[in-house]
Amino acid sequence: MTSGNNPQNLRLSTRGSDSGVVEISSLSGSETSIHEGTAPCTPLSPSSAFVQTTISDVTNSFLDAVVFCHWDNILGPRLEQVWHISDRPQPHRNILRFITTQVLSGEICRELHTGQVDFKFSDVPDKGIVVPSFVFSAERGGDLGLHAIALVIPNSELTIFLQTNNILQAWFTRMIAKLRVLLNKRRFGDKDMQLFTSWLQKCLQMLSSLQEAGLPHTIHLTYTALCPSCNLEQDFLQQAIASHLMTFGRSIVVGHLADRVNLVVHTLSLFSWEWERACSRQVLDGKQWPYAHDLCIQGLLKNKEGSYDLPVQDFMYSKFPSTIIDVQKRNVQQTSSLVEHPRQSYMVAVEELSQLYHDKAEACSIAAVYQSADIPETLIKTLLDELHKLPVQSGIREAFIAHFMHLLQRRALTMIKYVEVETQKGRQPLKGGLKKLCQDLNLSTDGDFRIILATAEKLKPGLCDILYREKRHVADYLTNSGEIF
């Protein structure tokens, strides 16, 4: 079996004690080689052959391996490729075949014509692993078949996986959408698999950066802009925190100095949920990590010319809009409105898949629309005024902020219940429109409404769809309260 772009560097595969396995180890560039043993041979059967690839440059992975398999109508579950992570234990081949059977079992009656990607989670305590997997259908060689990608994670790393589960699902859902295009457009071969391997490596490097530069579980006030010794302007700080909450806790902090960027990152993390902190990262001197979509809070360092890399296609693909905070310029912007972002995200995804299908490498043609984050609000202004009256010692200010976050959730739950009653759980339009909702819930300013609505959407996804289902409600609110989202 051959792989890569340099056939002259390949050698015949060999059979050892465990036959039928073609092993490929990633080298520099696009070179690959096949391990040799004592005597050349061929696999025992086609169903026993699979490719192994080692992914390097991943220093803090909690995954042992990634498995790609599919359902063969004649042979049943079939293991196709395994990616091992360097410096991590390699699962035995029998375990890999067991995982293949476990993931694809019970899927024989699955409806293949749906484009849905199903997430499954299997706990295998006798083997000491957990196996999250993504099951999907894809057309390959003219036939529609069942495929799956499974992650092999030791039981000891279960906590880390649960904390980063949301970001993992977002990244693998995007990669699987592109993998479907590769499987469909031509005869799937080594070049396509190398392209998918590059996407997988970027995902693993992103997860590694969360372990290397992730935020601590407890944020001390000393390392934030709320410390009395910090000289950050009050208006800028208020605008940054308010916009962070309006954009569902998604923020990008850019600047020249790592300590100034991390100061804002730590401050915003006080206004994030625990799992959101686990999906956030600060910056380190000498490290230039690229922007990663769907991270909650992330810092980016500017280069010497004062610019930074922020791919439009990536941040518009994210599930939620983001806040962009420039520490040097004291500028706060939002990438898009909540009403427009789902449509833009869908258009970007379609364009990305279309370019991949037609082998085009063009920049995103959909222009990013930045909005000012200077939106009137009272919640954060009142919080900061009261916070500065409290003593710094004994964690009183931290407790006050935690209480404020609980208050936001209670008010968001009130909004959820109000919408459920007034719309009969989405079966009818909202009675009285958004104007009446804001009056009844005492949301006097546009910014307060956005903050509570963003919190409510995170607690009950789909709430915004109910509120904005009728365009006349949006128009009714705009005539009375200015622009909304």
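For clarity, every value in this text was computed on a predicted model and none was experimentally measured.
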Next on the checklist: Within a 6.0 Å radius of atom OH on Tyr370, are there more than 12 heavy atoms belonging to other residues, nucleotides or ligands?
Outcome noted: yes
Item to check | Separation between CG of Leu263 and CG of Leu257, rounded to the nearest 0.5 Å | outcome: 11.5 Å
Item to check | side-chain contact (heavy atoms from CB on, under 4.5 Å) against Pro311, all qualifying residues, sequence neighbours excluded | outcome: Tyr291, Asp309, Asp314
Checklist entry - So which heavy atom on Cys279 is nearest to which on Leu210, and how close? => result C-CD2, 4.1 Å
Next on the checklist: Within the 3.5 Å criterion, strictly below it, is a donor on Gln313 or Glu351 matched to an acceptor on the partner's side chain?
Outcome noted: no
Item to check | Straight-line distance of Thr445 OG1 to Arg450 CZ, nearest 0.5 Å | outcome: 10.0 Å
Checklist entry - Taking C-beta and beyond as the side chain, do Met193 and Phe68 meet within less than 4.5 Å on heavy atoms? => result yes
Checklist entry - Does the side chain of Val131 reach to within under 4.5 Å of the side chain of Gln102, using non-hydrogen atoms? => result no
Next on the checklist: Does any part of the side chain of Gln205, heavy atoms only, come nearer than 4.5 Å to the side chain of Thr59, both counted from C-beta?
Outcome noted: no
Identify all side-chain donor-acceptor contacts of residues 381-392 below 3.5 Å with residues at least two apart in sequence or on another chain.
unit_1	atom_1	unit_2	atom_2	d
Thr382	OG1	Thr378	O	2.8
His388	NE2	Gln234	OE1	3.3

Checklist entry - Which residue pairs satisfy the ring-ring contact (aromatic ring centres under 6.0 Å, His included) criterion with at least one member in residues 195-247, sequence neighbours excluded? => result Trp83-Phe196
Checklist entry - Around atom CG of Asp87, are there more than 12 heavy atoms of other residues, nucleotides or ligands at under 6.0 Å? => result no
Which pairs would a plain distance check flag for residues 159-171, meaning a side-chain donor or acceptor within less than 3.5 Å of a matching protein atom at least two apart in sequence or in another chain?
unit_1	atom_1	unit_2	atom_2	d
Thr164	OG1	Ile160	O	2.9
Thr164	OG1	Phe161	O	3.4
Asn165	OD1	Gln169	NE2	3.1
Trp171	NE1	His293	O	3.0

Checklist entry - Under the side-chain contact (heavy atoms from CB on, under 4.5 Å) criterion, do Leu413 and Lys460 qualify, and how do the steps go? => result CA-CA 9 Å; Leu413 290 172; Lys460 192 175 183 63; over 6 Å; no
Checklist entry - Can you name the residues that form a ring pair (Phe, Tyr, Trp, His ring centres under 6.0 Å) with Phe172, not counting sequence neighbours? => result Phe134
Checklist entry - Does the side chain of His84 come under 3.5 Å of the side chain of Thr54 through a donor N or O and an acceptor N or O? => result no
Item to check | Partner of Gln424 by side-chain contact (heavy atoms from CB on, under 4.5 Å), out of Gln428, Glu422, Glu420 | outcome: Gln428
Next on the checklist: Can you confirm whether the side chains of Arg281 and Ser209 place a donor and an acceptor under 3.5 Å from each other?
Outcome noted: yes
Next on the checklist: Using a 3.5 Å distance criterion without hydrogens, assess whether the side chain of Thr224 forms a donor-acceptor pair with backbone atoms of Thr267.
Outcome noted: no
Item to check | Identified side-chain contact (heavy atoms from CB on, under 4.5 Å) partner of Leu245 from the options Leu408, Thr323, Leu268, Ile452 | outcome: Leu408
Checklist entry - Quick one: ring pair (Phe, Tyr, Trp, His ring centres under 6.0 Å) partners of Tyr418, sequence neighbours excluded? => result none
Item to check | Polar side chain donor-acceptor pair, Gln334 to Ser243, under 3.5 angstrom | outcome: yes
Item to check | From Leu430 atom CG to Thr423 atom OG1, the distance as rounded to the nearest 0.5 Å | outcome: 7.0 Å
Checklist entry - With side chains defined as the heavy atoms from C-beta onward, is the minimum distance between Ser280 and Leu215 less than 4.5 Å? => result yes
Checklist entry - Less than 4.0 Å between a side-chain N and a carboxylate O, is that true for Lys302 and Asp326? => result yes
Item to check | From CA spacing to verdict: side-chain contact (heavy atoms from CB on, under 4.5 Å), Thr414, Leu441 | outcome: CA-CA 8 Å; Thr414 302; Leu441 299 182; 3.9 Å; yes
Item to check | Within 6.0 Å of CD in Glu233, more than 12 heavy atoms from elsewhere | outcome: yes
Next on the checklist: Does Gln344 form a side-chain contact (heavy atoms from CB on, under 4.5 Å) with Thr335? I'd like the steps, not just the answer.
Outcome noted: CA-CA 11 Å; Gln344 292 178 345; Thr335 57; over 6 Å; no
Checklist entry - About how many Å separate NZ of Lys202 and CD1 of Ile55, when rounded to the nearest 0.5 Å? => result 13.0 Å
Next on the checklist: Distance to the ring centre below 6.0 angstrom and angle to the axis at most 45 degrees; does that hold for Arg180 and Phe136?
Outcome noted: no
Next on the checklist: Minimum heavy-atom separation for Ile297 and Gly249, please, with both atom names.
Outcome noted: CG1-O, 4.1 Å
Item to check | Ser372 (side chain) donor-acceptor with Asp374 (main chain) under 3.5 angstrom | outcome: yes
Checklist entry - Rounded to the nearest 0.5 Å, how far does CG of Asp294 lie from CZ of Arg250? => result 7.0 Å
Item to check | Nearest non-hydrogen partners of Lys458 and Trp273, listed with the distance | outcome: CB-CH2, 3.7 Å
Item to check | Spacing of Ser133 atom OG and Ile149 atom CD1 [to the nearest 0.5 Å] | outcome: 10.5 Å
Next on the checklist: Keeping Ser269 on the side-chain end and His266 on the backbone end, is there a donor-acceptor pair under 3.5 Å?
Outcome noted: yes
Item to check | For the student: nearest non-hydrogen atoms of His147 and Ala138, plus distance | outcome: CE1-O, 3.6 Å
Checklist outcome for this item: Nearest heavy-atom contact between Ala456 and Leu463 is CB-CD2, 3.5 Å
Next on the checklist: Using side-chain heavy atoms (C-beta onward) and a distance below 4.5 Å, is Arg397 in contact with Pro228?
Outcome noted: yes
Next on the checklist: Checking side-chain polar atoms at under 3.5 Å, does Asn155 have a donor or acceptor matched by the opposite partner on Glu157?
Outcome noted: no
Checklist entry - If we only count heavy atoms from C-beta on, is the Val253 to Gln298 side-chain gap below 4.5 Å? => result no
Item to check | Nearest non-hydrogen partners of Glu377 and Gly447, listed with the distance | outcome: CB-CA, 3.7 Å
Checklist entry - Does the side chain of Val135 reach to within under 4.5 Å of the side chain of Lys120, using non-hydrogen atoms? => result yes
Checklist entry - Can you check whether Asn303's main-chain N or O pairs, donor with acceptor, with Ser307's side chain at less than 3.5 Å? => result no
Checklist entry - Do we see a donor-acceptor contact under 3.5 Å between the side chains of Gln81 and Thr53? => result yes
Checklist entry - Are Leu204 and Ile85 side-chain neighbours, meaning at least one heavy-atom pair lies under 4.5 Å? => result yes
